[in-house]
A.B. asks: 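Right, I'll just put the structure down here and ask away after.
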Amino acid sequence: MHWSVIIPLFIFLIIIFGIGIWANRQVRTSNSFLQEYFLGGREMGGFILAMTMMATYGSASSFIGGPGVAYNTGLGWVLLAMAQLPAGYFVLMVLGKKFAIVARRIEAITLIDFLKKRYDSHTIVILSAISIIIFLFASMTAQWVGGARLIESLTGLSYTNALLIFAVAVLAYVIIGGFRAVALTDAMQGSIMIIGTVVLLIATVIAGGGIDTIMQALVAENPNLVTPFGAEQNLTPLYVSTFWILIGLGVIGLPQIAVRAMSYKDSKSLHKAILIGTIGIGTIMFGMHLIGVFARPVMPGIEVGDKVMPLLTLEVLPPVLAGIVLAAPMAAIMSTVNALLILVSSTVVKDIYLNYINPKASDKQIKTRSFWVTSIIGIAVVIFAVKPPELLIMLNLFAFGGLESAFLWSVVFGLYWKKANKYGAISSMIVGLTLYIVIYRFAENIYGMHSVTIPIFASLITFVAVSLIAQKMKKIEDYHF
């Protein structure tokens, strides 16, 4: 075991647990368990909002999976990854102020709360809950795998044992602290992510003998590694431009990101978060993916892409500094897992249990159910993660596409189009989800486009057409009666 690397990581975990215990006091003393546990009392300032969005979005796929794909694909994947630069900007500008105002007015705690009250439809609640549970299971599995891969690389433990250690650490403090613990630790984790990215990039360039030497080595191995089209020349302009829909525009439809636009304190915090978040996401996405490419000449022959980042860190940095830098991917993974766990838990407790099973539940009952649901979901995800996929980033991107196909237009039109109605929203969700799953399973990258492209546009057309038809039918019906 690399003890000099593990000790700084262990100290990091102790600090995280301390924050969770402090946040638990807030949960215990709060007047509203739901508001506090699932939204942190809507008190996030600009810096914390930016960091929690960045840390939630910058997940295992950014720090473990992304560099692994870049290692195999080349600079074309760095260019592709930079489509994520405006993600936080889009979410906060499009949803931003209006979403927060509406959510406060209708006392919405979850995204499904908003959709239920906007469209007045139980069908939408059920469809949304099923979508969140299924696709976020896939996304959480990816994070669990990333955390286990990291611990496996550091300790030499088996993958299964590493997975159990990571799961216990994360579950303990999320269950204790809720959203406030997640947001506060995200602030620290986001800062570590940025610093770790910069330090590792500089160390990798030095270890490779400078950028010129690294680029020459890449060209000598395969000239395609330094082109925009990738090592296999499969990053076509059409694929790259449609991939932007998945990791740029479509991010507005991700429930785990959208819920953060409900929880900030005031307009000043929003504007500050847009600036800080965009700079932070840009630094991490560019830095980590570039590190993946530069790692190829420094450490050739790595077979499992998800191990590139931890192995490279151990190679190019002194042990103690490696431990501090490796807190960055650990932070990214833990913060995303936290956010997803809280989101799925709130879906089950707030949107299903309180709506359909026990609407008159006391705060004590809600608290007990929340803790149990969070625990059971976490354990279930661990079981799913026991047999990991070859590259976890693909699992994460699959979940992104499914959630965006379901939610993007229901959220955007629900906020900004008065003619939007439940018939349009339901049809759009069904068409988007069905098409996405069919295309992903049977005709991935159809016509050279990313799998999410056709479902997103089909659900847009369906939403508008069905909403207008339903409105017209209602007018005819009202006229006859």
Side-chain angles (χ1 to χ4, degrees), residues 1-13 15-16 55 58-72 77-78 81 142-143 145-157 159 162-163 165-166 169 188-211 213-214 217 280 283-336 391-393:
M1 289 192 186
H2 304 277
W3 284 109
S4 50
V5 178
I6 293 169
I7 289 169
L9 271 174
F10 185 69
I11 294 169
F12 166 74
L13 285 174
I15 295 169
I16 291 290
S59 61
S61 61
S62 305
F63 278 82
I64 304 292
V69 177
Y71 181 89
N72 294 319
W77 195 260
V78 180
Q143 309 311 315
V145 172
R149 288 278 191 224
L150 183 60
I151 293 172
E152 179 190 19
S153 300
L154 290 176
T155 62
L157 293 170
Y159 171 80
L163 177 65
I165 290 170
F166 178 73
M188 183 179 75
Q189 289 164 337
S191 304
I192 291 171
M193 285 156 64
I194 293 172
I195 295 165
T197 299
V198 173
V199 169
L200 185 57
L201 179 58
I202 293 168
T204 304
V205 170
I206 293 169
I211 293 175
T213 306
I214 290 171
T283 303
I284 290 168
M285 296 307 163
F286 179 72
M288 288 311 304
H289 290 86
L290 193 61
I291 287 165
V293 181
F294 285 0
R296 197 173 178 100
V298 176
M299 293 193 72
I302 297 177
E303 293 181 5
V304 180
D306 292 340
K307 289 187 176 182
V308 169
M309 196 273 183
L311 291 176
L312 176 71
T313 307
L314 293 172
E315 175 72 20
V316 303
L317 290 175
V320 175
L321 187 56
I324 295 169
V325 168
L326 283 171
M330 182 66 81
I333 295 163
M334 288 180 71
S335 58
T336 304
L391 282 172
L392 64 86
I393 189 171

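Not measured: the values here are computed from a predicted model.
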A.B. asks: Could you check if a side-chain atom of Ile284 sits within less than 4.5 angstrom of a side-chain atom of Ile194, using non-hydrogen atoms only?
C.D. replies: yes
A.B. asks: Got Val199 and Leu317 here, is their nearest side-chain heavy-atom distance under 4.5 Å?
C.D. replies: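 SC-SC contact between Val199 and Leu317 confirmed.
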A.B. asks: So how far is it from Ile151 CD1 to Leu163 CG, rounded to the nearest 0.5 Å?
C.D. replies: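 Those atoms lie 8.5 Å apart.
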A.B. asks: Would you say the side chain of Met288 lies within less than 4.5 Å of the side chain of Ile291, judging by non-hydrogen atoms?
C.D. replies: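 They are in side-chain contact.
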A.B. asks: Minimum heavy-atom separation for Val308 to Ala295, with atom names?
C.D. replies: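 Closest heavy-atom pair between Val308 and Ala295: CG1-CB, 3.9 Å.
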A.B. asks: Can you tell me how far CE of Met285 sits from OG1 of Thr197, rounded to the nearest 0.5 angstrom?
C.D. replies: 9.0 Å
A.B. asks: With a 4.5 Å cut-off on side-chain heavy atoms, are Val78 and Phe286 touching?
C.D. replies: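 Yes - at least one pair of side-chain heavy atoms lies under 4.5 Å apart.
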A.B. asks: If you measure from OG1 on Thr204 to CG on Leu290, what distance do you get to the nearest 0.5 Å?
C.D. replies: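 Answer rounded to 0.5 Å: 9.0 Å.
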A.B. asks: State, to 0.1 Å, how close Gly66 and His289 come at their nearest heavy-atom pair, and which atoms those are.
C.D. replies: CA-NE2, 3.5 Å
A.B. asks: Is there a side-chain contact between Glu315 and Leu311 in this structure, where contact means two heavy atoms from C-beta onward sitting under 4.5 Å apart?
C.D. replies: no
A.B. asks: Find out whether Phe294 and Leu201 are in side-chain contact, i.e. whether some heavy atom of one side chain is under 4.5 Å from a heavy atom of the other.
C.D. replies: yes
A.B. asks: Would you mind reporting whether Met309 and Leu200 have side-chain heavy atoms less than 4.5 Å apart?
C.D. replies: yes
A.B. asks: Please collect all salt bridge (charged side-chain N to carboxylate O under 4.0 Å, His left out) contacts where either partner lies in residues 285-299, sequence neighbours excluded, each pair once.
C.D. replies: Glu221-Arg296
A.B. asks: Out of curiosity, Met299 CE to Leu314 CG, how far, rounded to the nearest 0.5 Å?
C.D. replies: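 Going from CE on Met299 over to CG on Leu314, the span is 8.0 Å.
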